[in-house]
Each structure stands twice: as C-alpha cells, then as structure tokens.
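Encoded as structure tokens, the structure appears first; notes follow it.
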Amino acid sequence: YPVAGASAVALLFAVYGFVRGEETAITTVPPQVATVAVFVPQTPTPMPPTPTAVPPPTSGPASEVPGAPVATVSWAQVGPIFAGRCALCHGAALASGGLALDTFGAALKGGQGGPVILPGNPGESVLMQMQSSGGHPGQLSAEELSILGAWIEAGAVEK
C-alpha cells in the first residue's frame, strides 16, 4: 500500500502539472477580426419593369364630363404589371404570405391576412397601402400605381 499511495500522489501531481502548464488555442491563437457581414438577408431582386403601351387612365373631373371618353382598366393591363414586378415573390410557386398575384382569382382572394384588393375602394386596399408607403421589394412606379388604383376604383374587373 505505501508504494501504491506514493504512486497515486505522484501521478496526481503529474496530471495537475500537465493541466496547469498546458497552453490551449484559446490563449495562444489571437482572435480573428470578422471582415465579412455575418447575416445578409436574401431579398429577391425586382424584375425590370415591363413596358406597357397602355396610356394612364383618365380620372377626375374630365372623365365625369358627359361624352368624354372613359378609360377602363382591366386585368389585361394590371396582370402584366403584377407579372413583371410581383411574380418573383407572389407568383404561384412561392406565394409569400399566401398571396399569389399571378391570376385574377388569386389576386382577389388575397393572402393569409385576407383580401388585399377591395374593389371600388383603393384607399382601403392593403395592396395600395403597401405600395403607396414605398420601400416594398417589388415597388411599383408612380404610373403603375395609378393604373392599379384606377383598376381597383373601377371595381377590379377582369375584362
């Protein structure tokens, strides 16, 4: 027993000395300075605007004059705007927030939060509010926004 006890004490001091004397990578390697952003959100790049040959709709007092031509905006003018600007995130494949704008029926149905287009009421339509505030990834131009507003005000008709 005396030899085993002395060996145990000697080994205990050897292990203690090894652990205390060992340098780890924490103390010997200098910290690295990050030169790259750790989190970069991946937002889709908006599609280039599709040229539309449709003149902006007339609205206001001139369109209310009897005999004046009334421009009717339908899905035929609004659909290509949605296809060019919104389809990347709100197409049938991805439908961000449950909102698909690739077909007339899907656009009127809305998304997870309910309808985004209220026919006849562009001011209360969520789609118009989102686009009017600006900063949306697929931001519509002023001309496209006026076409969309005229379409909603005219009742959001398909044909």
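Hydrogens, waters and symmetry mates are skipped; everything else that's a heavy atom, side chains included, is used.
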Nearest heavy-atom approach of Pro119 to Gly155 is CB-O, 3.3 Å
Please report, to 0.1 Å, the donor-acceptor pairs under 3.5 Å made by any side chain of residues 127-138, with sequence neighbours excluded.
unit_1: Gln129; atom_1: NE2; unit_2: Gly123; atom_2: O; d: 3.1
unit_1: Gln131; atom_1: OE1; unit_2: Gln139; atom_2: NE2; d: 3.3
unit_1: Gln131; atom_1: OE1; unit_2: Leu140; atom_2: N; d: 2.7
unit_1: Ser132; atom_1: OG; unit_2: Met128; atom_2: O; d: 2.7
unit_1: Ser133; atom_1: OG; unit_2: Gln129; atom_2: O; d: 3.4
unit_1: Ser133; atom_1: OG; unit_2: Met130; atom_2: O; d: 2.9

Under 3.5 Å donor-acceptor pairs involving side-chain atoms of residues 87-108, not counting sequence neighbours:
unit_1: His90; atom_1: ND1; unit_2: Ser96; atom_2: O; d: 3.2
unit_1: His90; atom_1: ND1; unit_2: Leu99; atom_2: O; d: 3.1
unit_1: Asp102; atom_1: OD2; unit_2: Ala92; atom_2: N; d: 3.4
unit_1: Thr103; atom_1: OG1; unit_2: Ala106; atom_2: N; d: 3.2

For Val9, the other hydrophobic cluster members (4.5 Å side-chain criterion, sorted by chain and number) are Phe13
**Prompt:** Same cluster for Trp75 and Leu145 if Ile/Leu/Val/Met/Phe/Trp/Tyr side chains link at under 4.5 Å?
**Reply:** yes
All heavy atoms of Leu148 vs all of Val78, minimum pair found to be CD1-CG1, 3.9 Å
Minimal heavy-atom distance between Leu118 and Ser125, with the atoms involved, is N-OG, 2.9 Å
Minimal heavy-atom distance between Gln77 and Thr72, with the atoms involved, is OE1-O, 4.1 Å
